[in-house]
Structure formats: structure tokens, C-alpha cells
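For reference, the structure is listed below as C-alpha cells.
So you know, we letter chains A, B, ... as the sequences are listed, proteins then strands, and number each from 1.
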Amino acid sequence: MALVITVGVLVAGLLFLYLWQGAVLSGLRAQRAQILLELEEVERVRLDLAYQVDRAYSLDEIALRARALGMVPFDEERTRYLVLEGGSH
Amino acid sequence: MVGRLVQLQVVEHHHWATVAQQIQEDVIEIPAQRGPIYDRNGVPLAYDVPAYEIALDGYLLTKPELLISLLVRELGMSAAEAKDKVYRTAYFTWLARGVDYEVGQRIRAQAESLGIKGLLFFDSWKRAYPQGPLALAVLGVVGVDGNGLAGMELLFDEELSGRPRRIRLLRGPGGQIYDLWDEDPGAAGKPLHLTLDARVQWICEREVARGLGTYPGAERGFALVMDPGTGEVLALAHGPAVDPARPDPALLHPWSVTHVFEPGSVFKALVGLAAFDQGVITPEETFSGDSPILVQGVAVKNARGKSYGTITFRRAMAQSVNTVLVQVAQRMGIARTHAYLARMGFGEKTGIELPGEVNGILNPPEKWTELDLAVTSFGQGIAVTGIQLGAAFSALANGGTLLRPRLLPGPAEVRGQIASPDACRTMREVLRYAVNPDPNGDPSLGTAADVPGFGVAGKTGTAEMALPGRGYVADHVTTGMASFFPWDDPQYMVLVVYQTSTNPEFWSGSTAVPSVGEIVRGMAQLGIVRPYAPTTALGRSG
């Protein structure tokens, strides 16, 4: 009888361990899945931000901002060149 | 109970496992990210950015009036359009596709806070152009389903398109996700690296836009910059520009490749090159520049009917004297002139990587009359594409080797030798004179293209257009200038062409020529080119 009870407790213990570990693994998998989804979202945010940075660095935008700051396109008539003695460049 | 257990677990195992899988598992497909397109320096010209596709399940919808005002506010829809979509009785209605990521996020957040139900959000991609409309006529566009519709996007659609990613989800009874894994990792589209230089392209587009806005009657134009040593296209700008948000299909065809025009006097440089190569003329040889001369009973005139008396070939090129080129072509004869033009690539596609390229029109020599020969000598009676003209001038610039113009990097592809290096050099010197003539002599038509220190050489051209049933029409004009610099060792070939259908006083000297100068100046301002050291007295202009 004691042997049966011992075996029963052992089996129940093992079963509990199995179920407990299974539950932990399932929980971890769910967490991992959630993190992966968040990672996907973060990656999409990163790509969107990268686009905004690229757009801000485009020549069109730079020219627009330069004009807003009061800069004007190059005007040859308002430009004076320095002639360097002995140099051709 | 044991019997039922055996029935469910053993006998009907497969059936119930399938049912469970259908309930618990879900497959979602994420569209492939289309391959990016870069310029020669790695500057991104087009790539995919995250976006949303938003749909509506009409049977789950709550608070439709709030949704209508949300759509009007965030998507700029008209109230009538929003009402039509929202009150449609259907399980599935597209509300908007290709919605910007930030806008989609805002709509999702507001829908949640307002308690609007029934909206379906799908992750997708949207083609974005970080440089704005730069080179859009060359790049082309993609449709809402991500397929290339024009330009490089169409031609390289297979390479740019990737394989969608399939993700399998394991869901709980409440819909919560317990696990996920890639059923098919998919593959992003392959990147495309072009020979274009975004800076040169920007300069050219800016100049074409300026030209169209400044030159009276100018309706469309293009600017082409090539590396004559490799055939690489550094810039191919078309105007009017394409709006990436609402691309006009008519503007998405790079007309420098898909349409033909009569090149006008620009062509004189190529006929003259053939004559130098055959040794039938020299730059200092004199001709009669009187106008008109009769060819098969038809009076062939100079521009504005002007006569020049006795004039050297060099000055005739600088003044663009038609009647002198007629005499040069007559010395060459039909067979030889035609053979040279065919060798220069006219009448056949160049093979540039753009869809819709046309052959141009070069009639067979047996159909040519003496009059055809005469008018072809100054670029009428022949139809060319801009890219053909650019390739031929690049050959003149590089010593006579005709290369395939390319938009993808790779080794130069030789198509043939159009003339000897000596003949090319002689013509380059003549064309330098056409831009920077003797200061004590008559002004030249090309001087507005001269930029001190850069040794620009080139040929101008103004040609009336022939319309079906109307012949040549005075106010339909093509102007152009084909040029290269520095003249003695050209690194860049620049071709600019404009067209009008309203201005009979549309001349290359006041349109294409200054645009060439502005493009060279712009390249210098951005530090792409630097002044060249003089190698001969002609090479130094300032």
C-alpha cells in the first residue's frame, strides 16, 4: 500500500512538474510572441523615422530651409574672386 | 468514457486536430518590402516605408457619424465620399490604402478612444521618395498593389518585388497570441543601384523647371548629363516634374527616350565630324555662306535668311550657317553621310534600361533625295531621341567610341567606332570655338553656355516642328544644345532640349544654351566639378 501511495505521489509530482514546466514554457512563448510583435512595430517606427530623416536631408529641403534662413542662390555678378599670385586654381 | 476518449483521441484524431488548428492558429501575410533604389553614391531615391491599409466591416461598425468625421479630418476625404463608404452594407469595404504610418496610428488611437468598432487595420508598405520628385520620370511609380507601373520600377519589377512573409500565430480563446513563428520568412526585394548622381539630377531638374518657368512658351524640356568615357547617365531630368502624390501618367514617360524630335542645327556637329573623318573638309576651309541655295529647285535658307559671304567652316559652325553644311554634306554624298549617321546609332534603339524606347527615324539611303541630304545636314528631315543624340555626342567627346548609355553600373559596352580620335578632336576644337569664339570676331550662338575655367564646347540648334498635314509650323519649335567639358578631355556630356507650341521666337541661344551654362555652374557650386587647368590656348577661357 505504501509503495502504491509512494508511486502515486511520485507520478503526481512528475505530472505536476510537467504541467508546471509546460505552463511556464507557454507563458514564455506568449511573452516572446508579444515581444516579437512589438519588435515588428518598433522596426516600422524606425523605418518611418529614417524616411523623415532622409527627407529632411534631401537637397530640396535643404534649399528650402536655406532660403527660409535668408540665403540666396549663387549670383555671379555679386561674387568677387581672389587672384592668387602664381596659382592657376 | 474510455471508449469516447479512444474515439476522439485515436479514431477521429486527425479531424479534431484540424478543427483545433483552425480555431487556434492563424496565418497572416505581410507584403514584401519592395527593393530600394539608390543613386551612384548610395543616396536613396525610392524605398518602401510602413503604411496602413484600412478597411471596414460594416456589420461590426459602431458610431458611423464619428467615423465619418474622423475620415474627413485625417484622410481629407469629402463628407459625401466618407458617407458612401461608411454606410455601404458590406462585410468588407476598403476605406483607404497606402495610408501614411503616422496617420494610420492616429486613426487607430482615435477610433479606440472614441469607441468606434469595425475598423480593420492591415500593415502594408508604401513607396516613398525621400528626395521628393527627383528623377521620377526615370524611376517610374508603383501602383497600390506594389507593382511597378512605369520607368525602372516597371522594367525591374521582378527584381524589386520580394516574396511576402507568412507568419503563423497560435491564439488563445480570447484571441490573445500565445506563440508565433515564420512559416515562410519571405524575402525583401533586391536593391537597385543606378548610375544617376542625385546632386547632378537635382541641378538638372531645378534648371529645367527654371527654364520652363522663365522662357516664354516653353512647355517641356529635358536635360541629360552623361559620362562620355563610360556611357553612364548621371542625370536625366524631365520637365514638367511629376508629383509623386498624384503622378500624371502623361509625364511618367521619359520623353527623351520615348519620343522623337528633329534635332536641328545640333546635328551639324555630327555631319561635320563625318566630313572631318573622311578628310573632305578642314576647319579653316572657306565656303559660301550666302542664302538661299537651290537644291532640286527648292530654296534652302539660313536662319532668318541671313547671308554670310565667304566664311570658314569653323565660323560657319559658330554662326550655325545652314548653307555651308549643305555644301559639306553634298561633298560627302548620300551613301557616306547615311552610313555615318547609321554608325552613330540613329534609327535604332540605344538599349538604355528604360521601357518604351523608340528607334527614331532614319530613312534608308535609297529613299533619300539630294534635298533630304541637304536638310539632314542641319538636322531636319530626321527624327532622333534625346538619348541617341546624347550617346552620339558622348562618342564625339570620348574620341569616337559609341557606348551604350546606361542607368545601371557595369563595364562600358562598346557599340562601334563612329570616327577617328583625330577627327573627334578637330570637331571638339571647332565646338569649343562655337562657345568661346575669337573675342574680336562676331559673337557666337553658344556663348551663354561658357563658364570660365571649364572649357565648355558644344553646338546649338533650333528647329521648327513638322505637324501632320501642316508641314513645318513657325510657333512649334524645338531648341537644344549638345555640349561637353572640358573640350580637350571631356568628362561630362550635357544635352538640354526644350519645346514650345506657341512661340515662333523660341531660340536655342536664349533657352537651351543658358541652361547648359547654369547646369555647369550648378555642378561647380556643389563641388562636383572644379575648373580645369589649361592645356592649350583654346582651352582657357577665363
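- W125(B) carries R44(A) over the face of its six-membered ring, with the cationic atom under 6.0 Å from the centre and within 45° of the normal.
- For the pair P130(B) and S58(A), the tightest heavy-atom approach, listed with the atom from each and the gap, is O-CB, 3.3 Å.
- Heavy atoms closer than 4.5 Å to chain A are found nowhere in R530(B), neither backbone nor side chain.
- Contacts of L36(A) with chain B are made by side-chain atoms alone, with heavy-atom separations under 4.5 Å and no backbone atom involved.
- Looking at Q33(B) and L47(A), their side chains come closer than 4.5 Å, going by heavy atoms from C-beta outward.
- For the atom pair CG of L59(A) and CD1 of I203(B), the computed distance is 8.0 Å after rounding to the nearest 0.5 Å.
- When heavy atoms are compared at a cutoff of 4.5 Å, A63(A) approaches chain B solely by way of its side chain, counted from C-beta outward.
- Put simply, CD1 on I167(B) and CG on L37(A) are 7.5 Å apart, with the number rounded to the nearest 0.5 Å.
- When each of A51(B), P133(B), G522(B) is checked for heavy-atom pairs under 4.5 Å with chain A, A51(B) comes out on top.
- Residue contact with chain A, scored on non-hydrogen atoms closer than 4.5 Å, involves the side chain of Q105(B) exclusively.
- If you measure heavy-atom distances from D123(B) to chain A, the contacts under 4.5 Å come from both the backbone and the side chain.
- Side-chain atoms of E61(A) and Q131(B) form no donor-acceptor pair, as typed in the model, at a separation below 3.5 Å.
- Cation-pi check for R55(A) over Y129(B) is not met; the charged atom does not lie both under 6.0 angstrom from the ring centroid and within 45 degrees of its normal.
- Proximity to chain B (any heavy atom under 4.5 Å) is restricted, for Q52(A), to the side chain, taken from C-beta onward.
- Counting heavy atoms from C-beta outward, V45(A) and P50(B) have side chains that stay 4.5 Å or more apart.
- Y51(A) approaches Y47(B) most closely through the heavy-atom pair CA-OH, 3.1 Å.
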